[in-house]
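First listed ligand is number 1; within each ligand, the first listed atom is number 1.
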Amino acid sequence: MTGRQGNGHRGRGGRGGGGRRPEPEPIRGVRDDARLSQELLKMDGASYGRYKSLQGDWDFGDFTLTVQRVQSDPFAPPSRIRIFRPDAGIPSSAYTDPVRRRATADFLGRLARRRLKGSLLRIDTGGQEVIARSSCQVGADGALDLRIGLELPGHGRRIDGRTAERELCRRVPELVDDLDWDEIDQKGAEAFADSVVDTVALRGALPEHGLVAFVADGAVLPRRSGVSDEPLRGEGVVPFVSPESLRVSVDLPHRGTVTGMGVPEGITLIVGGGFHGKSTLLHALERGVYDHVPEDGRELVVTREDAVKIRAEEGRGVERVDVGPFVRNLPTGADTSDFRTENASGSTSQAANICEAVEVGSRTLLVDEDSTATNLMIRDERMQALVHGDREPLVPFVDLVRPLHREHGVSTVLVMGGSGDYFDVADHVIMLDAYHPHDVTERARALARERTDAEFAMPKARVVDPRSVDARTDRGRAKLKRRDMDVLVFGQSDIDVRSVEQFVDPGQIIGAGLALRVLAQGGHLNGSRTLAEALDSLERALNERGVMLLGQEFGGDYALPRRHEIAAALNRLRALRVTEQR
Ligand code: ADP
Ligand code: MG
């Protein structure tokens, strides 16, 4: 076929591409929409590689279309285009405030997705959460910036110029018009942003109320199914009603006063029979670190932004974590304040997860008995009688949860239906009864026993070797992608984030991979900063420069992860090397 013959023939142009066909020169001269249309129609029937000549900017008058990356064949991942419109009529009231700006961009992105149904153009949008993402952004100056995938059409290996012309020269301008502020549902956009602003204000009000979380009356917590994050609807849904003793009112900028259940700082236990809604409540709290779209049912369910879900994660690697508070003396004689393993047990993985979360600044832990290692949670008297203290390396969480709060300000919300041991240490006990929460603190206290706490010394901070965080393969090429839902391919390594439950958007996994690259290459991990300090530095840069800081050169979609998920990805990178503990 011509492709192969051409290859051999033009081999001199190889440029290290292993005999790859040289790329066609970009189209020169006037590059406006009329020219693009002409060129596409002219290309009809030409060999697919000619599409590459489209690369670069095209002037459409009030916006610029940039062909950023062209797929090499019709079956490769979609090509990438950018649409940049300096003035889309967005009023400054919708973009001056960074929270509103994120919400406005999210609203426009979702609108774009609906408008692009049935076209070859694809825009990445979020699920139930409103998270900053690369695909649709509004600038601090109100500019609209879209990054879209396009499956460039072909008849086999030949260019389908007519269809391409329709997509690029008609669909794209239509989309830009549809997103013009004068054309959109302005009331809807404002209400969407108002709701997000309220959520952020509510989360921001938690500390002054002494709370770690808030669940509004009327909230709908259950989801449609185990695989759908949309709200459960219909008669079976029991909307949330706060118990009187924990009821709190908060004034919000747009919605006015809302009431609901405040989860106080300290240790809160969620109990109740099986299937009474405990895990559903905890899941809502896990996701309460993010803002939700209006109508989600959880748009007024918020958790402190530093809340981290803790679970056991057998088999994960651990790199020089100080798990000393939980693990005293291992049968191997290993130093548990400098603990390294390729294959952690249920209990040591959970201990590492807690110590790592606290290390980078989490002061709110969320724990569900469904996903914990029992031997790290409790130890009853009969077991203590049989296995003596000096034979048991583990200090159970129940003995550490109070000093964690008293001495280090780390609160815990814990679901526990199977054991009463935590009655001894809980500040508040909430019982779910057929999805209705009741404050049973007094009753639980009557059943509590004396308990002697263990000591919790703050885990040592780690300094990471930036050279161990490398997204390149052995051939020197950057490799960063997501595989099988929850595996981040990062250079030579596969990072398994299946157990990192607060990755709530597939784009965040890519975002975390990009963040690792920026951490290592952007001077944040500089060989002397601790991991927490490096994350502070990255966060400052992100606040200044926005989400594109992570992927200016990256040809794909991604969303912004929190520092806790970035750290979680780093901690699961098996190539990670720690040079020092402080
Ligand atoms: P638990 O952890 O107490 O065993 P789950 O939280 O797993 O219980 O909930 C059990 C079932 O009840 C799930 O199918 C969940 O979707 C449903 N559910 C939870 N809360 C509600 C609610 N408020 N209204 C209706 N169904 C609910
Ligand atoms: Mg459960």
Side-chain angles (χ1 to χ4, degrees), residues 127-129 213-244 246-247 258-263 267-289 292 294-303 307-314 346 350 353 365-378 397-398 401 412-423 426 428-441 443-444 498-502 504:
Q128 296 300 100
E129 286 84 15
F214 178 92
V215 184
D217 290 330
V220 172
L221 307 188
R223 299 293 101 184
R224 197 150 78 191
S225 76
V227 292
S228 166
D229 196 34
E230 282 173 35
L232 185 67
R233 292 181 217 273
E235 285 178 12
V237 177
V238 178
F240 194 84
V241 181
S242 54
E244 220 172 2
L246 293 171
R247 194 166 295 158
V258 293
T259 63
M261 179 176 84
V263 179
I267 298 140
T268 302
L269 200 59
I270 299 169
V271 301
F275 225 63
H276 279 252
K278 303 184 296 296
S279 296
T280 302
L281 172 57
L282 197 81
H283 275 138
L285 298 185
E286 281 162 47
R287 297 208 167 211
V289 300
H292 289 91
E295 319 280 296
D296 171 78
R298 299 169 300 185
E299 60 273 29
L300 294 173
V301 179
V302 295
T303 308
V308 172
K309 171 72 181 288
I310 298 295
R311 57 174 296 153
E313 192 182 345
E314 206 182 329
Q350 191 181 336
N353 284 345
L365 306 179
L366 307 174
V367 191
D368 189 333
E369 62 177 346
D370 287 354
S371 53
T372 53
T374 307
N375 58 342
L376 195 77
M377 297 304 288
I378 51 173
F397 189 58
V398 68
V401 69
T412 297
V413 182
L414 171 69
V415 167
M416 181 63 91
S419 156
D421 284 20
Y422 279 84
F423 294 166
H428 295 275
V429 182
I430 297 162
M431 180 161 80
L432 284 176
D433 182 11
Y435 317 129
H436 284 290
H438 301 274
D439 183 350
V440 295
T441 307
R443 282 165 59 197
R498 216 174 338 165
S499 296
V500 185
E501 292 171 88
Q502 287 165 301
V504 296

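- Regarding atom 14 (O) of ligand 1, its nearest protein heavy-atom neighbour is F275 CZ, 3.9 Å.
- Considering T441, V440, D439 in turn, V440 is the only one that fulfils the side-chain contact (heavy atoms from CB on, under 4.5 Å) rule with M431.
- Heavy atoms of Y435 found under 4.0 angstrom from ligand 1 belong exclusively to the side chain.
- Ligand 1 lies less than 4.0 angstrom from a heavy atom belonging to G273.
- Using a 3.5 Å distance cut-off with no hydrogens or angles, the side chains of R247 and S242 do pair a donor with an acceptor.
- Here the heavy atom of the protein found nearest to atom 7 (O) of ligand 1 is S279 CB, 4.0 Å.
- Between V367 and T412 the shortest side-chain heavy-atom distance falls below 4.5 Å.
- Remark: ligand 1 and G277 share an N or O pair separated by less than 3.5 Å (distance only, no angle test).
- With a 6.0 Å radius and a threshold of 12 heavy atoms from other residues, nucleotides or ligands, R443 has its CZ atom at or below the threshold.
- Proximity annotation for atom 24 (N) of ligand 1: of L232, V238, T280, V238 comes nearest, heavy atoms only.
- When only interatomic distances are considered, the shortest N/O to N/O separation between R223 and ligand 1 does not fall below 3.5 Å.
- One side chain, H292 or E129, offers a donor N or O that lies under 3.5 Å from an acceptor on the other.
- Put simply, part of G236 is less than 4.0 Å from ligand 1, judged by heavy atoms.
- Here is the list of ligand 1 atoms found below 4.0 Å of a heavy atom in G274: 4 (O).
- Per residue D370, closest N, O or S atom to the Mg ion (ligand 2): atom name OD2.
- For the side chain to side chain donor-acceptor pair (under 3.5 Å) with D229, the lone residue among R224, R223, R287, Q128 that qualifies is R287.
- Residues D368 and R311 are not in side-chain contact: their nearest non-hydrogen atoms beyond the backbone lie 4.5 Å or more apart.
- Residue Q350 holds its CD atom at 12.0 Å from CD of E314, rounded to the nearest 0.5 Å.
- Scanning the protein for heavy atoms near atom 16 (O) of ligand 1, the closest one is P222 CB, 3.8 Å.
- The distance from the Mg ion (ligand 2) to the nearest N/O/S atom of T280 is not under 2.8 Å.
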